[in-house]
Amino acid sequence: MSKHTEKLRKQLLEISEVVNAFNSEAVQVKIIDRLLDSIIDGERHDYDGESIKLQDNRVRKRRADYEDDGEGRIRGRKKPGATKILNQIIHTDFFDTRRSIASIANYCKESYDSDFKTSELSGILLKLANEGKLKRERNNDNNRFDYVKP
């Protein structure tokens, strides 16, 4: 074995003893994650002896999330999820009339630029109905559910 490989093997054995001392797998993963982050953030040397700087992918993603969109505006991280949007819609007059899941999905696409599948919305709408924030009624025309404010 090469000198470099042997040194690396010894270091991994030392680290494994420390990591395995923790009973919680989640703690073990966090320790390894932080260790690898510190290795990646630091200076590394390739086999030719040249110094290379590795950049953490998360840093690049964060930078890309906030790039200028060409019109002087900064892009946000990501769009809000279905739960957040539905909780916002509840506080408007949208649910004053009966709405099908398809019409709710269309409204989310038009008003919030979020293209949700009806299957993504159905569980959240059921939860909101169980919490009493919406009322779930069967539509006799198509035997599907409509949602309306109670």
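Residue numbers run from 1 in the order of the sequence given.
- Residues Ile90 and Leu86 are not in side-chain contact: their nearest non-hydrogen atoms beyond the backbone lie 4.5 Å or more apart.
- Val29 and Val27 end up in different hydrophobic clusters when Ile, Leu, Val, Met, Phe, Trp and Tyr side chains are linked at under 4.5 Å.
- With salt bridges taken as basic N to acidic carboxylate O contacts below 4.0 Å, none links Lys117 and Glu120.
- Listed for the Asn87 side chain is a donor-acceptor partner under 3.5 Å among the backbone atoms of Thr83.
- The cationic atom of Arg138 (NZ for Lys, CZ for Arg) lies less than 6.0 Å from the six-membered ring centre of Phe145 and within 45° of the ring axis.
- Side chain of Lys149 to backbone of Lys133: no donor-acceptor contact under 3.5 angstrom is found.
- Note that the CZ atom of Arg9 and the OG1 atom of Thr5 stand 10.5 Å from one another [nearest 0.5 Å].
- A cation-pi arrangement is absent between Arg98 and Tyr147, since the terminal nitrogen or guanidinium carbon is not both under 6.0 Å from the aromatic centre and inside a 45° cone about the axis.
- Residue pairs meeting the salt bridge (Lys or Arg N to Asp or Glu O under 4.0 Å) criterion with at least one partner in residues 84-93, sequence neighbours excluded, are absent.
- When the side-chain hydrogen bond (donor to acceptor under 3.5 Å, both in side chains) test is applied to Ser100, the partners found at least two apart in sequence or on another chain are Ser103.
- The structure places CD1 of Ile101 at 9.0 Å from CG of Leu126, a figure rounded to the nearest 0.5 Å.
- Side-chain contact check for Val148 versus Thr97: every heavy-atom pair is 4.5 Å or farther apart.
- Rounding to the nearest 0.5 Å places CG of Asp115 at 8.0 Å from NZ of Lys79.
- At a threshold of 4.5 Å between non-hydrogen side-chain atoms, the residues Ile89 and Ile85 count as touching.
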For a salt bridge (charged side-chain N to carboxylate O under 4.0 Å, His left out) check, start with the C-alpha distance between Glu14 and Lys10, then their side-chain angles and the critical distance, and finish with the verdict. CA-CA 6 Å; Glu14 291 173 8; Lys10 285 180 183 177; over 6 Å; no
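- At a threshold of 4.5 Å between side-chain heavy atoms, the hydrophobic network of Ile, Leu, Val, Met, Phe, Trp and Tyr places Tyr112 and Ile124 in one connected group.
- The salt bridge (Lys or Arg N to Asp or Glu O under 4.0 Å) search around Arg136 returns none, not counting sequence neighbours.
- From Asp146, atom CG reaches atom CZ of Arg99 across 10.0 Å, with rounding to the nearest 0.5 Å.
- In this structure, Tyr107 and Phe94 have parallel ring planes: the angle between them is below the 30° cut-off, well short of the 60° mark.
- Under the 4.5 Å side-chain heavy-atom criterion for grouping Ile, Leu, Val, Met, Phe, Trp and Tyr, Ile15 is connected to Ile31 within one hydrophobic cluster.
- With rounding to the nearest 0.5 angstrom, the CG atom of Asp113 is 9.0 Å from the NZ atom of Lys109.
- By the 6.0 Å contact criterion, CG on Asn23 is open, its count of non-hydrogen atoms from other residues, nucleotides or ligands being 12 or less.
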